[in-house]
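For reference, the structure discussed in these notes is given below.
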Amino acid sequence: MNKLKLVFATNNQHKLMEVRAMLTNFEIVSLADINCFEDIPETADTLEGNAVLKANFITEKYGLDCFSDDTGLEVEALNNEPGVYSARYAGEENNFEANMAKLLKNLKNNPNRKAQFKTAIALNIRGKQFIFEGICKGTILTEKKGERGFGYDPIFMPEGYKTSFAEMSLNEKGNISHRGKAIEKLVTFLNQNHW
């Protein structure tokens, strides 16, 4: 029996490997695999909206079943900033050192350091759309800790832990992360239905 082919609308090889390992009953292909090298617009003002935009772009243009994700860091004391603008918080060049510096500066000595990472996944399959969400609550540290991970990982400490995401192994982070939780819901859903 042929495996169902699903496009994961990403060029991030790390994310792709992670998802392929979890969805062994499916053939997971990347944007490069379908020769999509366009910059897919992410112009929505919510994470869910951006995930839907990306998934719909692939389905409409290529006629393929697919899923996409968008992730943001929401800081309570900053009215949930940077949120949907997490990657471009300090400017269009997606510089995470500058993004972290801006976030720490904006928080200054604010005692409320509560934050959460949120991932939204939009799945387009057989003409239907499903949304999955994963959240990881935690706090913003006053300085960077750790060398691993990417993005805001060095300044985010998940609830119940004494280390930042950047101090954890990929496995440790994957077990508790927002993306891990959202992907787990997606995997469960895909594996429970007979496509």
Side-chain angles (χ1 to χ4, degrees), residues 1-74 82-88 94 96 116-136 148-153 156 165 168-195:
M1 197 175 97
N2 284 346
K3 288 181 177 181
L4 180 68
K5 187 199 254 179
L6 270 180
V7 178
F8 183 12
T10 186
N11 288 309
N12 182 321
Q13 288 305 309
H14 171 73
K15 283 204 272 189
L16 201 60
M17 275 170 34
E18 200 177 279
V19 169
R20 278 183 178 146
M22 295 170 86
L23 280 172
T24 51
N25 301 341
F26 296 82
E27 184 190 345
I28 305 297
V29 297
S30 69
L31 292 175
D33 294 330
I34 61 165
N35 294 318
C36 175
F37 300 103
E38 291 164 77
D39 213 0
I40 302 174
E42 293 183 48
T43 51
D45 53 9
T46 64
L47 299 169
E48 294 84 356
N50 277 341
V52 165
L53 279 177
K54 287 189 278 187
N56 288 352
F57 181 90
I58 299 303
T59 301
E60 286 159 19
K61 185 152 188 184
Y62 297 88
L64 298 167
D65 289 332
C66 73
F67 63 95
S68 68
D69 72 326
D70 198 23
T71 295
L73 174 66
E74 301 176 338
V84 74
Y85 304 107
S86 292
R88 313 181 290 282
N94 291 12
F96 275 102
Q116 65 180 23
F117 269 116
K118 182 172 162 187
T119 292
I121 293 179
L123 167 69
N124 286 354
I125 191 164
R126 303 271 159 94
K128 291 184 177 149
Q129 188 168 72
F130 304 91
I131 307 286
F132 306 92
E133 193 181 87
I135 287 175
C136 181
R148 296 176 173 144
F150 61 96
Y152 295 92
D153 287 358
F156 182 83
F165 264 171
M168 295 180 174
S169 72
L170 274 178
N171 217 8
E172 277 179 294
K173 181 187 165 188
N175 286 336
I176 59 165
S177 82
H178 43 291
R179 186 174 291 109
K181 289 174 182 172
I183 288 171
E184 210 173 278
K185 289 177 186 173
L186 170 76
V187 169
T188 303
F189 175 81
L190 285 170
N191 287 333
Q192 281 175 348
N193 287 277
H194 301 288
W195 306 104

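As a basis for the values below, the full set of heavy atoms in this structure was taken, side chains included, without hydrogen atoms, waters or symmetry mates.
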With a 3.5 Å cut-off and sequence neighbours excluded, list the donor-acceptor pairs that the side chains of residues 128-136 form with protein atoms.
from, atom 1, to, atom 2, distance (Å)
Gln129, NE2, Asn56, OD1, 3.0
Gln129, NE2, Asn124, OD1, 2.8

Distance under 6.0 Å and angle within 45° of ring axis: Lys173 vs Phe117: no

By side-chain contact (heavy atoms from CB on, under 4.5 Å) - contacts of Ile58 (at least two apart): Val7, Ala9, Leu31, Ile34, Cys36, Ile40, Tyr62, Cys66

Side chains of Lys118 and His178 in contact at under 4.5 Å (non-hydrogen atoms): no

Close side-chain approach of Asn25 and Leu190, heavy atoms under 4.5 Å: no

Approximate separation, where rounding is to 0.5 Å, of Glu48 CD and Leu53 CG: 12.0 Å

With Lys54 via salt bridge (Lys or Arg N to Asp or Glu O under 4.0 Å) - residues at least two apart: Glu42

For Leu16, all residues meeting side-chain contact (heavy atoms from CB on, under 4.5 Å), sequence neighbours excluded: Phe8, Thr10, Gln13, Arg20, Ile28, Ser30

Check: Ser169 main-chain N/O paired with Glu172 side-chain donor or acceptor under 3.5 Å: yes

Close side-chain approach of Glu38 to Phe57, heavy-atom, < 4.5 Å: yes

CG on Leu186 to OG1 on Thr119, rounded to 0.5 Å: 12.0 Å

Sidechain-backbone polar pair: Asp65 side chain, Arg126 backbone, donor-acceptor under 3.5 Å: yes

Distance in Å, Leu47 CG paired with Ile121 CD1, rounded so as to fall on 0.5 Å steps: 11.5 Å

Whether Thr59 side chain and Leu64 backbone form a donor-acceptor pair below 3.5 Å: yes

Chi angles and distances behind the side chain to side chain contact (heavy atoms under 4.5 Å, CB included) call for Val19, Phe67: CA-CA 11 Å; Val19 169; Phe67 63 95; 3.6 Å; yes

Where Ala51 and Ala120 come nearest, the two heavy atoms and their spacing: CB-O, 3.7 Å

Sequence neighbours excluded - salt bridge (Lys or Arg N to Asp or Glu O under 4.0 Å) pairs with any residue from residues 175-185: Asp69-Arg179

Asp70 CG to Thr46 OG1 distance, which is reported to the nearest 0.5 Å: 8.5 Å

Where Pro82 and Leu73 come nearest, the two heavy atoms and their spacing: CD-O, 3.2 Å

Contact summary for Ala55 and Ser68, nearest pair of heavy atoms: N-OG, 3.4 Å

Partner residues of Tyr152 under the ring pair (Phe, Tyr, Trp, His ring centres under 6.0 Å) criterion, sequence neighbours left out: Phe96

